[in-house]
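Below is one structure, written out as structure tokens; the observations come after it.
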Amino acid sequence: MGVTDSLKGAVGERGLCAGQPDGGLAGGSLAGGHSSLKIEVPGGARRVLLHSCCAPCCGAITECLQENGIEPVIFFSNSNIWPRGEYELRRDECGRWAAARGVVFVEDEYDHAAWREAVLGLEGEPERGRRCSACFRFRLLRAARYAAASGLTVLTTSLASSRWKNLEQVNAAGEEACAAAASGLPTIAPEGITLRKTSFDTVADSPSIAPAQPPVWWPQNWRKGGLQERRGQIIREQNFYNQNYCGCEFSLSAQNSCRQEMPIPPTANPSAPEIP
């Protein structure tokens, strides 16, 4: 899928985020407004592939990595997001943040039909159920294959920053994705993946040689070390588009059902239809 270099910017309301019921505006302040978390990357790697679900969730992580001397490459692979307009809003906000931080932003192909096949039969599962596990595996496997093809030896995800996600579930999917990548390493970037460059980009557009080993999964808990507080600060500072459902039509349906039972603000994207 071709991607233009210009970012449209997000439109629509700035609503609640599925990551935090208060919209991520956590209380408390940090010295200098930044996280104090000191991190150790597996193998001492200085570059990592950061799978990003959205700008609000990856904002503090990106900043923390850079402050620890680690270069993140942001990989936006989220074919679960529905409808397409919602996907584009979240993608553009993530790209805007990457450009502001001067890091590489990679957009995977949007293939909602393939994602639907991956969760076939699990549509009725609750949040944090088997559908979510299948969803995480689908997205993180694509990230692991891209990392392998690009020579990036460590993979982590902003999914681990959300208090609405089960960390064990996220990490299990990440481990499985990295193991699966070992059995079928691509020799070129997976079909449909486009490298979207910032002015600071130094990465080749077309990775051509796959390494002998798949990436290592980095099960970092991105909720610790003041990152939750910093997350909320960045949301305010950047005026991020801040969604109030996870992404797929099934999570939106669950959110719509909740809104019928209690006074919850409408979905963040006013164009997102409700599911009966």
Is there a path of hydrophobic side-chain contacts, each under 4.5 Å between heavy atoms of I/L/V/M/F/W/Y residues, joining [Y] to [X]?
X	Y	answer
Val154	Leu37	yes
Tyr87	Phe105	yes
Phe75	Val104	yes
Leu141	Val73	no
Leu50	Ile70	yes

Test: Arg91 cationic atom under 6.0 Å from Tyr241 six-membered ring centre, within 45° of axis
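Here Arg91 fails the 6.0 Å and 45° test against Tyr241.
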Start with the C-alpha distance between Arg223 and Arg231, add both sets of side-chain angles, then the distance that settles side chain to side chain contact (heavy atoms under 4.5 Å, CB included), and finish with yes or no.
CA-CA 9 Å; Arg223 305 171 189 174; Arg231 177 188 191 276; over 6 Å; no
Evaluate the side-chain proximity of [Y] to [X]: yes if any heavy-atom separation is below 4.5 Å, no if none is.
X	Y	result
Trp218	Leu155	no
Cys248	Arg116	no
Thr153	Arg47	no
Arg139	Asp108	no
Pro219	Trp217	yes

Any carboxylate oxygen within less than 4.0 angstrom of a Lys/Arg side-chain nitrogen, looking at Lys165 and Glu127?
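Salt bridge between Lys165 and Glu127, a charged N being under 4.0 Å from a carboxylate O: no.
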Are Glu237 and Arg230 close enough for a salt bridge, meaning some N to O gap below 4.0 Å?
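Looking at Arg230 together with Glu237, the answer is yes, because their closest N to O distance falls below 4.0 Å.
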If you round to the nearest 0.5 Å, how far is [atom2] of [Y] from [atom1] of [X]?
X	Y	atom1	atom2	result
Glu40	Asn68	CD	CG	9.5 Å
Ser79	Glu109	OG	CD	7.0 Å
Leu227	Gln220	CG	CD	8.0 Å
Asn171	Leu140	CG	CG	9.5 Å
Ile61	His51	CD1	NE2	11.0 Å
Cys58	Leu65	SG	CG	10.0 Å

Are Arg145 and Arg142 close enough, and set up right, to give a side chain to side chain contact (heavy atoms under 4.5 Å, CB included), and what steps lead you there?
CA-CA 5 Å; Arg145 286 174 173 165; Arg142 294 187 66 84; 5.8 Å; no
Can you confirm whether the side chains of [X] and [Y] place a donor and an acceptor under 3.5 Å from each other?
X	Y	answer
His112	Glu249	yes
Ser133	Gln169	yes
Trp222	Ser162	no

Out of the candidates Glu93, Glu88, Glu86, only one should pair with Arg90 under the salt bridge (Lys or Arg N to Asp or Glu O under 4.0 Å) rule; please name it.
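Of Glu93, Glu88, Glu86, salt bridge (Lys or Arg N to Asp or Glu O under 4.0 Å) with Arg90 is met by Glu86 alone.
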When you measure from the side chain of Ser161 to the backbone N and O of Ser158, does any donor-acceptor pair fall under 3.5 Å?
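The answer is yes, because a donor-acceptor pair under 3.5 Å joins these two groups.
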Within the side chain of Arg137, is there an N or O that forms a donor-acceptor pair under 3.5 Å with the backbone of Ala173?
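The answer is no, because no donor-acceptor pair under 3.5 Å joins these two groups.
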With a cut-off of 6.0 Å (strictly less than), are more than 12 heavy atoms of other residues, nucleotides or ligands near CZ of Arg130?
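No.
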Using the rule given for side chain to side chain contact (heavy atoms under 4.5 Å, CB included), can you reason through Trp82 versus Leu252, listing the C-alpha separation, both sets of side-chain angles and the distance that settles it, and then say yes or no?
CA-CA 9 Å; Trp82 184 91; Leu252 176 59; 4.0 Å; yes
Evaluate the criterion ring-ring contact (aromatic ring centres under 6.0 Å, His included) for residue pair Trp97 and Phe240; output intermediate values, then yes/no.
CA-CA 9 Å; Trp97 174 246; Phe240 277 147; 5.8 Å; yes
From CA spacing to verdict: side chain to side chain contact (heavy atoms under 4.5 Å, CB included), Cys53, Asn78:
CA-CA 6 Å; Cys53 54; Asn78 300 293; 4.1 Å; yes
Would you sort out whether Phe250 and Tyr245 count as a ring-ring contact (aromatic ring centres under 6.0 Å, His included), showing the intermediate values?
CA-CA 10 Å; Phe250 309 114; Tyr245 69 105; over 10 Å; no
Heavy-atom pair of closest approach, residues Cys135 and Val119
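Looks like N-CG1, 4.2 Å.
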